[in-house]
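Following: one structure in structure tokens, then a few remarks.
Values in this document were obtained by computation on a predicted structure and should not be read as measured data.
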Amino acid sequence: MSTTGIITKENFLNHWQGHRGLTRKTIEKFPEKELFEYSIGGMRPFSDLVKELLTIGLPGLEGIDSNTTEGFNHDVPFNTKEALLAEWDRQTPLITEYYNKIPVERFAEDYNLFGQFNQPIIDNLMYFVDNEIHHRGQGYVYLRSLGIEPPMFWDR
């Protein structure tokens, strides 16, 4: 983030990409089996949470860019840690590309994300980041319960 105290379009993207970097480090910390099977209190395994993030951020930006409201599907065929990380890495530059296609003037415009969440575009963008932070927090709980130190939250 810039130290100017002003959140610009570029600052927001840098903030989001910083969170993506931290989430990637969190994925890397998981042993393969636990990434796909470990659960506490009925929560989904971390792999399912990551799949959700992969099926919301970039697809949401693509929808905003094209003004389409396709639904989402979290059932994607990434069944290894390597596949999840490869898809994460594939999407990261595309998030920047599609985000940069959206003029800041559109941020106040209502958009019905996935045909379900009708709110200003900026609120949808903030949802992408908030949802990632929320799910990464669940991943931190899993890692700590497995005796694994998660990445430091400031290590973006």
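Two residues are said to be in side-chain contact when any heavy atoms from C-beta on lie closer than 4.5 Å; V76 and E87 fail this criterion. Within the 4.5 Å cutoff, the side chain of F114 has heavy atoms near those of the P59 side chain. No side-chain heavy atom of M43 sits less than 4.5 Å from a side-chain heavy atom of L49. Side-chain contact between L54 and L58: absent, with no pair of heavy atoms (C-beta onward) separated by less than 4.5 Å. F128 is listed as a side-chain neighbour of L113, based on a closest heavy-atom distance under 4.5 Å.
Atom NE2 of residue H134 and atom OH of residue Y127 lie 9.0 Å apart, to the nearest 0.5 angstrom. Separating the CH2 atom in W16 from the CD1 atom in I133 is a distance of 11.5 Å, to the nearest 0.5 Å. Residue T92 holds its OG1 atom at 8.0 Å from CZ of R24, rounded to the nearest 0.5 Å.
For the residue pair N67 and R106, the shortest heavy atom distance occurs at OD1-NH2, 2.9 Å. Here the closest heavy-atom approach between residue R44 and residue D48 is recorded as CB-CB, 3.9 Å. Of all heavy-atom pairs between E132 and H19, the closest is OE2-O, 3.0 Å. In terms of heavy atoms, K29 sits closest to P150 at CE-C, 4.4 Å. Nearest heavy-atom pair, Q116 versus N112, reported as atom, atom and distance to 0.1 Å: N-OD1, 3.1 Å. Taking all atoms of both residues into account, the shortest heavy-atom contact from R136 to F46 is CA-CE1, 4.2 Å.
Remark: the backbone N or O of F117 is not paired with any side-chain donor or acceptor of Y111 at under 3.5 angstrom. Between the side chain of N11 and the backbone N or O of T8, at least one donor-acceptor pair lies under 3.5 Å. With hydrogens and angles ignored, the 3.5 Å screen pairs no side-chain donor or acceptor of R20 with any backbone N or O of I95.
In the displayed structure, E32 atom CD is contacted under 6.0 Å by more than 12 heavy atoms of other residues, nucleotides or ligands.
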Residues 96-105, side-chain donor-acceptor partners within the protein, below 3.5 Å, at least two apart:
| from | atom 1 | to | atom 2 | distance (Å) |
| --- | --- | --- | --- | --- |
| T96 | OG1 | Q17 | NE2 | 2.8 |
| Y99 | OH | K9 | O | 2.7 |
| N100 | ND2 | T96 | O | 3.1 |

Check residues 77-85 and write down every donor-acceptor pair under 3.5 Å in which the side-chain atom is one partner and the other belongs to a residue at least two apart or another chain.
| from | atom 1 | to | atom 2 | distance (Å) |
| --- | --- | --- | --- | --- |
| T80 | OG1 | A83 | N | 2.9 |
| K81 | NZ | E28 | O | 2.8 |
| K81 | NZ | F30 | O | 2.5 |

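Taking the six-membered ring for Trp and thresholds of 30 and 60 degrees, F12 and H15 have ring planes inclined between 30 and 60 degrees apart.
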